[in-house]
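What you see is a predicted model, and the numbers here were worked out from it, not measured in a lab. Numbers restart at 1 for each chain; the letters A, B, ... are given by sequence-line order, proteins then strands.
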Protein chains: 2
Amino acid sequence: MQSKSMTKQTSPTEPPRGTRSAYVTELLRDMITRGDLESGSRVNERVLVEQLNISRTPLREAFKILEREGLISIQPNVGATVVAFTMDDVEASIEVLIGLETIGAERAAERATQDEIDKVAELHARMVAAFEDSDLMSYFHLNQEIHQNIIDAAHNPALSRVYAAECARIRRFRFAGNRDRSRWERAVREHEQIAEAFARREGPLLRELLRAHHIAGWQKARRALEDDRGAEDKAGSSS
Amino acid sequence: MQSKSMTKQTSPTEPPRGTRSAYVTELLRDMITRGDLESGSRVNERVLVEQLNISRTPLREAFKILEREGLISIQPNVGATVVAFTMDDVEASIEVLIGLETIGAERAAERATQDEIDKVAELHARMVAAFEDSDLMSYFHLNQEIHQNIIDAAHNPALSRVYAAECARIRRFRFAGNRDRSRWERAVREHEQIAEAFARREGPLLRELLRAHHIAGWQKARRALEDDRGAEDKAGSSS
DNA sequence: TTCACGTAAATTGCATGCAACATTGCCGAA
DNA sequence: TTCGGCAATGTTGCATGCAATTTACGTGAA
């Protein structure tokens, strides 16, 4: 910890490749997504500087980036806090994501290359495998990747960009969707249909399948999150 | 609500209200929108530091923000350049904006308060007045404000946020749309219908009117911009 | 000519010190 | 007690210096 020279090992876990700024941005994003930094909590510069072994300059740059991404909020002369989402906020984001996929689905069905279709098929196969292994983490990531790949197949850079950003904002609230096995199984079946519709370039069908998929997933996730939140409120009011 | 940022030069003793970081971010955004910083050109820190009379720290923070907004691009250890849009890039953004308004229109028709409807009616009246005065600048800003207000009436914070961000990205390319009087007149008539549909809460109609409005506006703007670009290429500013 | 290479200049990335602002805690008055 | 004000502490905002990297340039060889 005391060695602050240019050693490659700053911590046993992560090597800071690229710029410090980008490195710490990604690190903080992960910490927020994973819940290491709680919603609504203050984010102290000094604490993070010591914890992450970097100086304040790149950290503050990361703050600015994350603020623009909608993950933290900075009050001038006061400090940064992790943005606290209400369930309605998340729902609003989902509504936006559905809208974006609505545009993307039809365009993707028109414009996708065969390679892109194959890629989604491959990701889907791997996702099914993850499901069968009950590997929730891999499943989750592959799931996200499939959606992003379909969007990307629309060949609209602005769309890809906005979609990715909005996904990142609410990622931390979407784990909860597939916690019970029955919903999870249903989600996999939905994905099966989605992958097929995409492979057949059936834009309108793809669009509707995606919409239904998101709505169903969010309903489950919302309920799970509300349970969590209720439990939290009862358990940990010791902050 | 006058033109507040149409100032040109930075006096030696500026009034940087708020943080320097926020101040310089807005300044740079305006400079890009206005074309003071050309598309594709390098953005040198030292030059801006001298020109804007601030130090490198807030400037570099502004760079990070603007990069996340999609206005500039930063290459590590090399520097920042103003993002150069192709016509297809702009069209992609418009496609996204249309998609966002599609979601927004129906929700806004359902959820708008009477105050919000009145506000749009008032903005519309002022926009018509600007048109009759041939005040293109005011017209343009009121136009943007109307669209944003309709979106805001959907009461979806994520949507408002994303829409505003995407508008800001391509603002500099949308001036060209109403340069010939006939298109401008037609745009005003379209806005008349839009305002009415909104007032009557006719969601689907509003959605279609907005889509048609954007497509028509963009077609004109694209042609105008392509003419400009062609002329530029001939005039020859190569560097 | 063109290419290669090494050095100098310019530019960026980051750490750190200082000043400004906000927050906390204490003390006294009502 | 409660409230207001003031000092002490902590935190943020910014300027600046230094190291690392890139870019520009000049020299020489093929």
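When the C1' atom of C:dT23 is taken as reference, atom CD of A:Q75 falls 13 Å away, rounded to whole Å. We find that CG of B:L48 is positioned 14 Å from P of D:dA15, with the value rounded to whole Å. The CZ atom of A:F63 sits 9 Å away from the P atom of D:dG13 (whole-angstrom rounding). Rounded to an integer number of Å, the gap from A:E45 CD to C:dC21 P is 17 Å. Whole-Å rounding puts the A:K64 NZ to C:dC14 C1' distance at 17 Å. Atom pair A:N53:CG and C:dA15:P shows a separation of 9 Å (rounding to whole Å applied). If you measure from atom CD of A:E50 to atom P of D:dG10, you get 13 Å, rounded to the nearest angstrom. Look at CG on A:N44: it is 11 Å from P on D:dG10, rounded to the nearest Å.
Direction of the helix axis in the helix from C:dT1-D:dA30 to C:dA30-D:dT1 shifts by 20° between the two five-pair termini, rounded to 10°.
For A:R60, whose side chain is taken as the heavy atoms from C-beta onward, the closest listed nucleotide among C:dC14, D:dC14, D:dG13 is D:dG13.
Ion pairing between a basic and an acidic side chain is recognised when a charged N comes within 4.0 Å of a carboxylate O; A:R29 and A:E69 show such pairing. Salt bridge absent: A:R172 and A:D36 never bring a charged side-chain N and a carboxylate O closer than 4.0 Å. At a threshold of 4.0 Å, the pair B:R56-B:E50 does not count as salt-bridged, since none of the basic side-chain nitrogens sits closer than that to a carboxylate oxygen.
In this structure, A:R42 and B:N77 both approach DNA chain C, and ranking their closest nucleotides by distance from the 5' end singles out B:N77.
A donor and an acceptor atom, one from each side chain of A:D30 and A:T33, are nowhere located under 3.5 Å apart. Between the side chains of A:Q148 and A:D152, at least one donor N or O lies within less than 3.5 Å of an accepting N or O.
A:V43 comes within 4.0 angstrom of the backbone, heavy atoms only, and of no base. Residue-level contact check: B:R46 touches the backbone only, with heavy atoms under 4.0 Å from sugar-phosphate atoms and none from bases.
The shortest distance between the side-chain N/O atoms of B:T57 and the OP1/OP2 oxygens of D:dC14 is not below 4.0 Å. In this model, the phosphate group of D:dG13 is not approached by any side-chain N or O of A:R56 to a distance below 4.0 Å at OP1 or OP2.
In this view, A:R169 and A:E166 satisfy the salt bridge (charged side-chain N to carboxylate O under 4.0 Å, His left out) rule, not counting sequence neighbours.
For residues 46-105 of chain A, every residue pair satisfying the ring pair (Phe, Tyr, Trp, His ring centres under 6.0 Å) rule, not counting sequence neighbours, is listed here: A:F85-A:F173.
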